[in-house]
Amino acid sequence: MIPGITILAIESSCDDTSAAVISDGYVLSNLIASQDIHKAYGGVVPELASRAHQANIIPVVDQALAKAGKKINEINAVAFTLGPGLLGSLLVGTSFAKGFALVNNIPLIGVNHLQAHVMAHFALEKGKEGHIPAFPFLCLLVSGGHTQLIVMNDHLSMEIIGNTIDDAAGEAFDKCAKVMGLPYPGGPIIDRLASDGNPHAFHFAKPRIKGLNFSFSGLKTSFLYFLRDRFREDENFIEGNLNDLAASLQRTIIEILIGKLVRASKETGITEIGIAGGVSANTGLRRAVEKEAAKRRWNLFLPELRYTTDNAAMIGVTAYYKYLRSEFTDHSVIPQARIE
Ligand code: KG4
Ligand code: ZN
């Protein structure tokens with residue numbers, strides 16, 4: 001290990017502006033400015049997100065440096081999210097990072113957001129060093145934009161062995177929540193409502209997708225039609241059954257996810273298993289994976305809640321391993337909304 005590598009990391013792919021300071025893989029600070037403005041619109045408005053990133057980025061970086069107790073001249077490299085994400089949002093972080101690298105004459109490191117979600121499992125914290133996955137590591141990445149099964153053979157090699165063919169799991173939570181009149185983002189609200197509901201009260205059609213791929217658009221449609229039919233008989237159906245609806249929907253999404261994760265583990269023979277991304281904060285999913293892990297003797301890694309949603313610590317940890325291999329990014333780079 002090269003001692004004393006300190007990295008300032010920026011994450012601005014969607015609606016959270018985050019900055020973190022990582023030293024030798026240890027997280028010294030990880031600050032997130034969330035953008036409440038989107039709540040009023042029932043989803044993220046890209047134009048508003050870019051503007052909010054522009055307003056937030058300097059204060060968030062200042063706070064991240066202060067909390068880490070680091071001065072600008074102690075930073076050895078600056079990392080940023082290259083994509084995937086909203087282009088206008090990515091441009092704010094990319095431009096900031098380029099400027100910071102140029103002024104301070106330090107390397108620039110662009111990071112894939114999806115790889116970073118998985119790499120959150122390798123974030124070190126003083127006193128918590130023991131629980132880090134071994135390779136090969138199989139991770140279910142479930143967020144608002146992605147649902148993937150990823151095999152990591154080392155810190156920087158990522159193979160996608162399963163993917164959604166339409167909506168992401170987080171999108172299914174958010175869109176079904178919207179249908180029930182709940183605010184954005186609906187995932188955490190459904191999680192809370194589900195804790196007081198009967199997960200077997202209602203049954204929704206599950207997709208039959210071959211192999212390790214996922215599909216969630218059919219579930220969304222089946223949920224919508226189910227509510228429409230019940231609404232015809234009872235105008236207060238949603239209000240009167242909110243907890244049971246949330247619990248049943250959540251159970252269905254979890255069953256789809258767990259089914260494919262178990263299959264992926266069987267097919268690859270990998271038993272170092274993790275979950276990552278915003279939906280990995282879901283209480284029901286965490287419980288279900290734990291149950292499966294006990295049954296199948298998996299060595300399970302559940303991310304700490306602060307590393308489930310978008311954060312710059314995961315960008316910084318990934319960048320640390322890139323720094324060790326001198327994988328730096330040229331200043332001509334442009335962010336990418338999509339990375340396959
Ligand atoms: O990883 P993330 O912060 O952003 C993306 O890269 O997409 O994930 C956001 C997604 C949203 O769809 C949100 O509803 C979902 O994660 N989410 C949850 C929970 N917390 C966040 N879904 C279900 N249960 C939760 N507790
Ligand atoms: Zn994300």
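Both ligands and their constituent atoms are indexed starting at 1 by order of listing.
- Between T309 and ligand 1, no pair of N/O atoms sits closer than 3.5 Å.
- The N/O atoms of G144, backbone and side chain alike, include one that comes under 3.5 Å of an N/O atom in ligand 1.
- Heavy-atom separations between C14 and ligand 1 are all 4.0 Å or longer.
- For F173 and F223, the ring centers sit 6.0 Å or farther from each other.
- Ranking protein heavy atoms by distance to atom 24 (N) of ligand 1, first place goes to N282 ND2, 3.0 Å.
- Ion pairing between a basic and an acidic side chain is recognised when a charged N comes within 4.0 Å of a carboxylate O; K295 and E290 show no such pairing.
- Side chain of D16 to backbone of I32: no donor-acceptor contact under 3.5 angstrom is found.
- For the pair K126 and Y26, the cation sits on the ring face: its NZ or CZ lies under 6.0 Å from the ring centre, inside 45° of the axis.
- Per-residue contacts place G145 under 4.0 angstrom from the following atoms of ligand 1 (heavy atoms of the residue considered): 7 (O).
- Between G277 and ligand 1, not a single N/O pair is under 3.5 Å apart.
- Distances below 4.0 Å separate heavy atoms of G170 from the following atoms of ligand 1: 12 (O).
- When only interatomic distances are considered, the shortest N/O to N/O separation between D310 and ligand 1 falls below 3.5 Å.
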For a side-chain contact (heavy atoms from CB on, under 4.5 Å) check, start with the C-alpha distance between N236 and F231, then their side-chain angles and the critical distance, and finish with the verdict. CA-CA 7 Å; N236 298 315; F231 184 80; over 6 Å; no
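- The nearest protein atom to atom 21 (C) of ligand 1, hydrogens excluded, is given as G278 O, 3.3 Å; this is a heavy-atom distance.
- Ligand 1 lies less than 4.0 angstrom from a heavy atom belonging to H117.
- Atom numbering of ligand 1 starts at 1 in the shown order; those under 4.0 Å from a heavy atom of V279 are 15 (C), 16 (O), 18 (C), 22 (N).
- Side-chain polar atoms of S12 and S89 form no donor-acceptor pair below 3.5 angstrom.
- At least one heavy atom of H113 sits under 4.0 Å from some atom of ligand 1.
- The protein heavy atom nearest to atom 26 (N) of ligand 1 is D191 OD2, 2.9 Å.
- Each of the atoms 14 (O) of ligand 1 lies under 4.0 Å from some heavy atom of P185.
- Less than 2.8 Å away from the Zn ion (ligand 2), the protein contributes these N/O/S atoms: H113 NE2, H117 NE2, D310 OD1.
- Of the possible polar contacts, one joining the R251 side chain to the P199 backbone as a donor-acceptor pair under 3.5 Å is found.
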Is there a side-chain contact (heavy atoms from CB on, under 4.5 Å) between V333 and L82? Walk through the geometry before answering. CA-CA 9 Å; V333 75; L82 194 52; 3.5 Å; yes
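- Shortest contact from atom 11 (C) of ligand 1 to any protein heavy atom: D174 OD2, 3.4 Å.
- Using modelled atom types, one finds a donor on one side chain and an acceptor on the other under 3.5 Å when comparing T81 with E11.
- Aromatic ring pairs are classed by plane angle as parallel below 30°, tilted from 30° to 60° and perpendicular above 60°; the pair F202 and F204 is tilted.
- Shown here are the side chain to side chain donor-acceptor pair (under 3.5 Å) partners of K206, two or more places apart in sequence or in another chain: E255.
- S143 places a side-chain N or O within donor-acceptor distance of the main-chain N or O of G145, the cut-off being under 3.5 Å.
- At the shortest separation from atom 22 (N) of ligand 1 among protein heavy atoms lies G187 CA, 3.4 Å.
- With a 6.0 Å cutoff to the six-membered ring centre and a 45° limit on the axis angle, R228 counts as a cation-pi contact of Y225.
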Please assess I109 against V78 for the test side-chain contact (heavy atoms from CB on, under 4.5 Å), listing each intermediate value before the final yes or no. CA-CA 6 Å; I109 305 176; V78 58; over 6 Å; no
